[in-house]
Amino acid sequence: MSPRRARRLGPYERPDGRGAVQPVGGSVSGVDRVESSADGDWVVRNVSGAALAKTYRCPGCDQEIRPGLPHIVSWPAWPGGEEERRHWHTACWRNRVNRGPGRSRY
């Protein structure tokens, strides 16, 4: 019988607590976070797209977001804002403030 090999611990598994702090939110799929920007406060969720069977239209570029494509879902951070939920390409969401005049935020 060969000796047992030690498994290397990941950065969040160290028993002495010297490891990095595990991120909450950030790019974790399905976790809501609030982003503040010049256009207001938004609740943002990263979506992996793996379980989606529906095609959405991005309000930033007016192109389709096909099933299986990772993207962002956002809505205004006020009571009842969930009804204004929109699906965005990740790059379109990041550049939404830079859009020219005549383009609404949706």
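One-based numbering along the sequence shown. Because only heavy atoms are used, hydrogens play no part in the values below, and waters and symmetry mates are left out as well, while side chains stay in.
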- Item | Linked, directly or transitively: V34 and V97 (ILVMFWY side chains, under 4.5 Å) | no
- salt_bridge(E35, R33) N-O dist < 4.0 Å: yes
- Message: Which heavy atom of P59 sits nearest to which heavy atom of R86, and what is that distance?
- Response: CG-CB, 4.1 Å
- Message: With rounding to the nearest 0.5 angstrom, report the CD1 to CG distance, I72 to N46.
- Response: 5.0 Å
- Task: Report yes if the side chains of V73 and H71 come closer than 4.5 Å at any heavy-atom pair, otherwise no.
- Result: yes
- Message: Minimum heavy-atom separation for E64 and H89, please, with both atom names.
- Response: O-NE2, 3.4 Å
- Gap separating the CD atom of E84 from the CH2 atom of W42, nearest 0.5 angstrom: 7.5 Å
- Could you check S74 against W93 for side chain to side chain donor-acceptor pair (under 3.5 Å), going step by step and ending with a plain yes or no? CA-CA 9 Å; S74 68; W93 173 253; over 6 Å; no
- What one should report as the nearest heavy-atom pair of C92 and G60 is CB-CA, 4.3 Å
- Atom CZ of R66 with >12 non-hydrogen neighbours under 6.0 angstrom: no
- Message: Other residues, nucleotides and ligands only: do more than 12 of their heavy atoms fall within 6.0 Å of CD on E82?
- Response: yes
